[in-house]
> 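Sharing a structure here in structure tokens format.
Side chains included, hydrogens not; waters and symmetry mates left out as well; all remaining heavy atoms used. Remember, predicted model here, so these are calculated numbers, not experimental data. Below, chains carry the letters A, B, ... as their sequence lines are ordered, and counting in each starts from 1.
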Number of protein chains: 2
Amino acid sequence: MDFRNNEEDYIKTIYTLIEAFGSANEIGISSDLNVSMPTVSEYLNKLEAKNIIKKFNRKIYLTTYGLDLAAPIMSRHRISEVFAVKMLDVPWEESHDAVMDIEHSIDDLHFNKLRKNLGNPDRCPHGNPINIKENPNIMEFSINQVPEGRYKLSRIIYEENNLLKKFADASILPGQNLTFYRDGRSIVISGNNEFKIPEKLAGSFRLVTSYE
Amino acid sequence: MDFRNNEEDYIKTIYTLIEAFGSANEIGISSDLNVSMPTVSEYLNKLEAKNIIKKFNRKIYLTTYGLDLAAPIMSRHRISEVFAVKMLDVPWEESHDAVMDIEHSIDDLHFNKLRKNLGNPDRCPHGNPINIKENPNIMEFSINQVPEGRYKLSRIIYEENNLLKKFADASILPGQNLTFYRDGRSIVISGNNEFKIPEKLAGSFRLVTSYE
DNA sequence: CAACAATATTAGGTATACCTAAATAAATTT
DNA sequence: AAATTTATTTAGGTATACCTAATATTGTTG
Ligand SMILES: [Mn+2]
Ligand SMILES: [Mn+2]
Ligand SMILES: [Mn+2]
Ligand SMILES: [Mn+2]
């Protein structure tokens, strides 16, 4: 009876799952928001009735209206993460979890001031754009689109704690280089050290060609 | 169905009313928190059952335990106000209202980091101490304790929007000088301009002798 | 001191976001 | 195709913080 998610949390989670993996499903939402499946099912009905999401088969998508709602939500989330890193001394890999209350507690007007006073960042600590409607104009690929090799990490879309920790431990933050190779249904990534992640997560991190 | 107060809000409001006026009552709490009288009555029963408050006649006080709870709550509130002024460009007289969500959304550990990164303030923008258990060792008086005349404003405990605005408009912020005289049941205060406030509020602002 | 005003409480009800247990539907395996 | 596993929904219920209308209590004052 402690954490209660609100509409913004549902939209944020759905947006992120779609951006990372193409669509969202109820299991993913349930595990990201730490609520039971019936709770998700029920909540999605509300979002559907409000024309925020649409389901095809069992895949969940945001409507155009839903995307319009998502833009400022993602922006507030990502500015909050920059704030957490710069003003609360939170390590970048923990910043996603650290802001889950803050992001709802400041309005857009004040978030703009905060962003300015933080030096006008345009990416969150994980490399994701603060303005999702701005096309960053970068040639980004997800791991399943490119051959094994060496790349620069552009961003990590699905900001899951354990995943982020692995990157942090290997000193691979956005902007840094990594090498990867496939091992069956897994992907082995190395920076300062090596770690393995399931192929399912491949869509979540985006790479650019490394010119170094 | 938008704003919902939680236990911290009730404790903060009760603490403030007691500090400003000696005790709290249900009407004061109701108007400060914008909730109906039955809601207050009901909530106070819970706080009493939890040994946080105690009623004598109709006057409400915090227990020792309640005061222990109030200390970090007031601290978070007041650090939030400094943050609002410095990082969100909020005018000092509006900062109290601006932080009503923020103050609940950051834990003590991170509030300490924030405070440090804000330059270790020890007062909120209204002059009130961030650490309420530290005795500021200042000879402070409320208006009903001193003769008419010229004083330095030390702090404004009851941070009510209209009240703060009057001080701001007259350019009297904590640390600045004011002159006052009595006019029946009102008090007339002047800084850059003159305004009148009901005697009831006298306890809320504290003065020190001005040496200028 | 009765009358009126101010303050507080009771009674009965709402919305939101949760939950467990059980049922159903869809996708994978044997 | 039947059996099993995975994903989703239904049914029925909880806690928290609110509300209005009505009633009771206390304080003030003519
Ligand atoms: Mn994040
Ligand atoms: Mn991020
Ligand atoms: Mn305040
Ligand atoms: Mn203050």
> With nearest nucleotides of DNA chain C determined for B:G28 and A:V35 from heavy-atom distances, which residue corresponds to the more 5′ nucleotide?
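Looking at the nearest nucleotide for each, B:G28 comes out on the 5' side.
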> How many Å lie between CG on A:L33 and P on C:dT16, as a whole number?
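It is 18 Å, rounded to the nearest whole Å.
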> How many angstroms lie between CD1 in B:I73 and OG1 in B:T13, if you round to the nearest 0.5 Å?
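Result: 10.0 Å between the selected atoms.
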> Measure from the ring center of A:F167 to the ring center of A:F195 and say whether it is less than 6.0 Å.
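When the ring centroids of A:F167 and A:F195 are compared, they turn out to be within the sub-6.0 Å range.
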> For B:N6 and D:dA17, what is the distance between atoms CG and P respectively, to the nearest whole Å?
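Value for this atom pair: 7 Å.
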> Side-chain atoms of residues 38-54 of chain A: list all donor-acceptor pairs with protein atoms under 3.5 Å, sequence neighbours left out, distances to 0.1 Å.
{"from": "A:T39", "atom 1": "OG1", "to": "A:S36", "atom 2": "OG", "distance (Å)": "3.0"}
{"from": "A:Y43", "atom 1": "OH", "to": "A:E7", "atom 2": "N", "distance (Å)": "3.1"}
{"from": "A:K50", "atom 1": "NZ", "to": "A:E7", "atom 2": "OE1", "distance (Å)": "2.6"}

> Classify A:N57 by what it touches in the nucleic acid, base, sugar-phosphate, or nothing, heavy-atom distance under 4.0 Å.
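Result for A:N57 = nothing.
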> Do you know which of A:R155, A:K12, A:R206 makes salt bridge (charged side-chain N to carboxylate O under 4.0 Å, His left out) with A:E19?
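Going through A:R155, A:K12, A:R206 one by one, the salt bridge (charged side-chain N to carboxylate O under 4.0 Å, His left out) with A:E19 is satisfied by A:R155 alone.
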> Base, sugar-phosphate alone, or nothing: which one does B:K55 contact when heavy atoms must sit under 4.0 Å apart?
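Result for B:K55 = sugar-phosphate.
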> Give me the residues of residues 38-53 of chain A where at least one heavy atom lies under 4.0 Å from an atom of DNA chain C, by number, or none.
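Correct list: A:P38, A:T39, A:E42, A:Y43, A:K46.
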> Specify the separation, in whole Å, of atom CD1 of B:I27 and atom P of D:dT25.
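Answer to the nearest Å: 18 Å.
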> Give the rounded distance in Å between these two atoms: CZ of A:R58 and P of C:dA26.
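Going from A:R58 (CZ) to C:dA26 (P), I get 6 Å.
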> Which of these nucleotides, D:dT20, C:dT9, C:dA17, is closest to any side-chain atom of B:E26?
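Of all the options, the side chain of B:E26 is nearest to C:dT9.
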> For the pair made of NZ in B:K59 and C1' in D:dT25, what is the distance, rounded to whole Å?
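It is 17 Å, rounded to the nearest whole Å.
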> Check whether any side-chain N or O of B:H126 sits under 3.5 Å from a backbone N or O of B:W92 as a donor-acceptor pair, and report yes or no.
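At least one qualifying donor-acceptor pair exists.
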> Just to be sure I understand the geometry, which residues of residues 7-22 of chain B put a non-hydrogen atom under 4.0 Å away from DNA chain D?
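Correct list: B:Y10.
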> Return the value, rounded to whole Å, for the distance between atom CE of B:M37 and atom C1' of D:dT25.
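Value for this atom pair: 12 Å.
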> Less than 3.5 Å apart, which donor and acceptor atoms pair up between the side chains of residues 196-205 of chain A and the rest of the protein, not counting sequence neighbours?
{"from": "A:K196", "atom 1": "NZ", "to": "A:D183", "atom 2": "OD2", "distance (Å)": "3.1"}
{"from": "A:E199", "atom 1": "OE1", "to": "A:R185", "atom 2": "NH1", "distance (Å)": "3.2"}
{"from": "A:S204", "atom 1": "OG", "to": "A:Y158", "atom 2": "N", "distance (Å)": "2.8"}

> What's the CD1-P distance between B:I29 and D:dA17, to the nearest Å?
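Value for this atom pair: 15 Å.
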> Can you tell me which residue pairs pass the salt bridge (charged side-chain N to carboxylate O under 4.0 Å, His left out) test with a partner in residues 62-77 of chain A, sequence neighbours excluded?
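Every salt bridge (charged side-chain N to carboxylate O under 4.0 Å, His left out) pair that includes a residue of residues 62-77 of chain A, provided the two are not neighbours, is A:E8-A:R76, A:D68-A:K133, A:R76-A:D108.
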> Does any pair with a residue in residues 81-92 of chain B pass salt bridge (charged side-chain N to carboxylate O under 4.0 Å, His left out), and if so which ones, sequence neighbours excluded?
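Those involving residues 81-92 of chain B are A:K116-B:D89.
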> Could you tell me whether a side-chain N or O of B:H104 sits under 3.5 Å from a main-chain N or O of B:D9, the two making a donor and an acceptor?
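No.
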> Starting at atom CG of A:N25, determine the distance to atom C1' of D:dT9, rounded to an integer number of angstrom.
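Going from A:N25 (CG) to D:dT9 (C1'), I get 15 Å.
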